[in-house]
Amino acid sequence: MTKEQKVLLKVENLKKHFPVKGGIFGNKTLQHVKAVDGVSFEVMEGETFGIVGESGCGKSTTGRTILRLLEPTEGNIYFQGRNLAELNNSGMRKLRKDIQIVFQDPFASLNPRMKIQDIIEEPLINFGVTDRKERERRLLEVADQVGLTPAQLTRFPHEFSGGQRQRIGIARALISKPKLIIADEPVSALDVSIQSQVLNLMRDLQKELGLTYIFISHDLSVVKHFCDRIGVMYLGKMVEIAEKSRLYDKPMHPYAEALLSALPSPHPLKKKKRIILKGDVPSPSNPPSGCTFHPRCASCMDICKTDQPTLQVVEDQHAVSCHLYTEAGKHSFAAGEPV
Amino acid sequence: MVQRVLEVDKLKVGIRDDGRKISIVNGISFHLHKGETLGIVGESGCGKSMTSLSLMGLLPPGVERHDGDVRLGDLRFKDFTKKDWRKIRGKKISMIFQEPMSSLNPVYTIGEQIMEMILSHEKVSKKAARARALEMLKLVGIPRPEQVLDEYPYQLSGGMRQRVMIAIALSCNPEVLIADEPTTALDVTIQAQILELMKDIQNKLHMSIVLITHDLGVVAEMCDRVIVMYAGEVVEESSVVELFDHPKHPYTKGLIASLPDVEEQREYLSSIPGVVPAPGNMPSGCRFAPRCSLAHDRCIETPPQFTTESGSQVKCWLFEEKESEVAAT
Ligand SMILES: Nc1ncnc2c1ncn2[C@@H]1O[C@H](COP(=O)(O)OP(=O)(O)OP(=O)(O)O)[C@@H](O)[C@H]1O
Ligand SMILES: Nc1ncnc2c1ncn2[C@@H]1O[C@H](COP(=O)(O)OP(=O)(O)O)[C@@H](O)[C@H]1O
Ligand code: SF4
Ligand code: SF4
Ligand SMILES: [Mg+2]
Ligand SMILES: [Mg+2]
């Protein structure tokens with residue numbers, strides 16, 4: 001990240017809690033799933049910001065809440081300085097042109113009964129572009145950008161392979177000339193051979209069109225290849241944010257460290273030492289007290305069981321949320337083996 | 001010589017379409033040594049799961065063995081009746097499936113499902129079977145094993161369910177374990193736990209494993225030897241180190257080159273153009289030719305398997321001159 005870069009998106013204390021209904025009539029809110037619970041980060045113009053973490057930690061919910069596909073429970077989302085959380089529906093609709101999303105499952109996310117050209121064009125119609133000539137011009141332009149031929153545009157989704165369907169999804173996202181694309185696991189359903197085609201395409205488009213990406217993935221080697229800065233999520237919170245090489249060389253948060261060590265080795269003779277975490281990810285409806293990672297943390301101290309750490313910049317644009325790096329933590333005692 | 005616990009001999013698996021035989025697995029041969037882990041890799045749709053299901057006698061309706069045989073010790077699968085399968089499944093050869101939820105029965109407790117496997121193979125009392133089930137849950141590292149014994153699958157997390165699947169698969173000490181994408185549905189930290197567990201148990205029980213995966217990182221971590229499948233055929237067989245250091249078949253090279261390298265940063269990744277052809281719509285000659293940048297005149301004919309100096313088997317014409325003996329295909 002260079003100094004001149006401008007902040008394109010700023011997310012501040014974002015929360016999304018889902019009510020869990022119960023009771024005899026299923027109408028009482030028993031508890032809340034804290035899917036996203038106080039997430040803050042910035043995305044610079046032209047960069048790729050990665051979000052990683054295990055299943056259920058809130059990556060997709062973060063992405064959808066930024067787009068207001070889900071209403072935030074709390075928090076602010078500034079896009080080019082304007083607070084999206086305060087926009088009404090029509091204001092938001094205008095802004096949607098600038099922020100688009102590409103989904104994980106290329107099989108489920110395309111309407112099987114629509115022709116490819118109608119799928120790609122649909123956003124323009126939603127944004128009120130009534131000029132058919134103009135729509136067609138854009139259609140052919142984006143089709144060319146993602147490598148679809150004009151003949152393919154009159155066909156239906158089932159005639160396409162996974163990689164091709166993902167190209168269609170990307171074309172659809174590009175047609176409104178967005179500035180920011182949120183890509184939620186765009187290559188997770190694809191074989192490595194096809195995955196690399198799609199990643200190369202996304203990189204070309206970024207250069208050509210000056211796009212900014214938020215790239216959500218659970219695949220740590222893909223994220224390392226593709227992103228500039230990375231945020232690591234655990235149970236609805238960002239626990240560490242750093243530039244990619246810093247994070248992979250020197251993770252600071254014990255969870256980030258364990259997560260990165262779990263990455264399979266790239267070669268049979270280079271087996272690594274792994275940190276094997278105990279237990280499973282706890283339920284986000286009933287997160288542990290204090291630091292939510294404490295029951296699985298080998299460095300857990302007394303203070304971790306009661307006080308929640310906050311995300312703080314500790315070194316050169318490297319932010320971490322852990323008592324090992326706070327004043328209070330330095331005076332606490334080791335709590336022994338994690339349970 | 002190392003003992004071969006499993007031998008697959010020119011196995012053909014396929015469907016019938018109007019009486020016409022369409023092959024999904026097209027005459028593959030491989031073997032498994034005692035105590036080793038053999039990897040099977042390839043893109044999705046290459047026939048990995050159909051191969052593993054035929055090793056268990058569990059092919060889906062409509063899919064059948066057209067030709068070839070499988071030998072497990074002195075047993076020959078060709079002559080097997082349903083009753084024979086019931087006797088060996090779980091006892092001699094056992095399988096872990098990709099999706100742990102769909103392969104556990106939702107209406108029985110975890111304990112009942114492990115006990116059923118034990119009681120169907122061994123003449124022991126229910127009490128002894130329950131004790132053994134508990135022992136298995138402990139072996140696979142399930143927290144609170146006493147309680148989990150009486151819980152139902154929906155009460156467990158994905159990682160715990162996969163551990164239960166392993167516990168069931170191992171409860172009768174099988175000689176051979178077939179694991180079809182055992183960690184694909186799991187998170188990396190849980191995947192690390194499960195792989196560690198499989199290695200550990202393999203050492204304790206001296207089991208042989210066939211590990212099917214599309215993840216080359218898992219292969220590097222776990223396997224001794226690897227076969228690469230493409231479009232229903234084995235295109236390369238190598239030791240794991242040879243496979244990563246000197247991949248030979250253009251398809252293997254393409255797969256390895258597509259991996260993002262965690263140590264070296266490249267701006268672009270290489271990729272393989274095109275997709276795996278569908279059964280019934282296979283190109284003639286070398287099946288990889290339409291996607292191969294090295295395809296030449298010779299490739300109109302189907303290449304046999306050539307043995308290279310390093311001992312690898314490669315089904316590609318590029319290895320014709322260099323080889324010494326030609327194995328039949
Ligand atoms: N509509 C909803 N109602 C209730 N809970 C929800 C809803 N959507 C998501 N959740 C819960 O919120 C948490 C975060 O979900 P989310 O989909 O954001 O996870 P994720 O990090 O994207 O996971 P994955 O890697 O599996 O895609 C999970 O516990 C999930 O079960
Ligand atoms: N029940 C079935 N009936 C007919 N064809 C099938 C069936 N299941 C899978 N196939 C086909 O067999 C081929 C190989 O499938 P599979 O063994 O599942 O591949 P892999 O496990 O390598 O991804 C694919 O082309 C698939 O479409
Ligand atoms: S705050 Fe404490 S429990 Fe949490 S990650 Fe840091 S050391 Fe571990
Ligand atoms: S036989 Fe020919 S087409 Fe097939 S992999 Fe070898 S070089 Fe390529
Ligand atoms: Mg998600
Ligand atoms: Mg499969």
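The structure presented is a predicted model; accordingly, all values stated were derived computationally and were not measured. Chain naming here is simple, since letters A, B, ... match the order of the sequence lines and numbering starts at 1 in each.
- With a threshold of 4.5 angstrom between heavy atoms, A/Asp204 approaches chain B through its backbone and through its side chain.
- For B/Glu221, the parts lying under 4.5 angstrom from a heavy atom of chain A are both the backbone and the side chain.
- A salt bridge links B/Glu43 and B/Arg291; the closest N-O separation between the charged side-chain nitrogens and carboxylate oxygens is under 4.0 Å.
- Heavy atoms closer than 4.5 Å to chain B are found in both the backbone and the side chain of A/Leu277.
- Note: B/Asp245 leads B/Ile256, B/Val275, B/Asp245 in heavy-atom pairs under 4.5 Å with chain A.
- A/Arg246 and A/Gln317 share no side-chain donor-acceptor pair at under 3.5 Å.
- The residues A/Glu208 and A/Arg203 are annotated as not salt-bridged, no charged nitrogen and carboxylate oxygen being separated by less than 4.0 angstrom.
- Using modelled atom types, one finds no donor on one side chain facing an acceptor on the other under 3.5 Å when comparing B/Thr183 with B/Glu181.
- Heavy-atom distances place both the backbone and the side chain of B/Glu267 under 4.5 Å from chain A.
- With a threshold of 4.5 angstrom between heavy atoms, A/Gln195 approaches chain B through side-chain atoms but not through N, CA, C or O.
- A/Leu259 touches chain B through backbone and side chain together, each having a heavy atom under 4.5 Å away.
- Using bins of under 30°, 30° to 60° and over 60° for the plane-to-plane angle, the ring pair B/Tyr154/B/Tyr152 lands in the parallel bin.
- When atom types are taken as modelled, the side chain of A/Gln206 and the backbone of A/Leu211 share a donor-acceptor pair closer than 3.5 angstrom.
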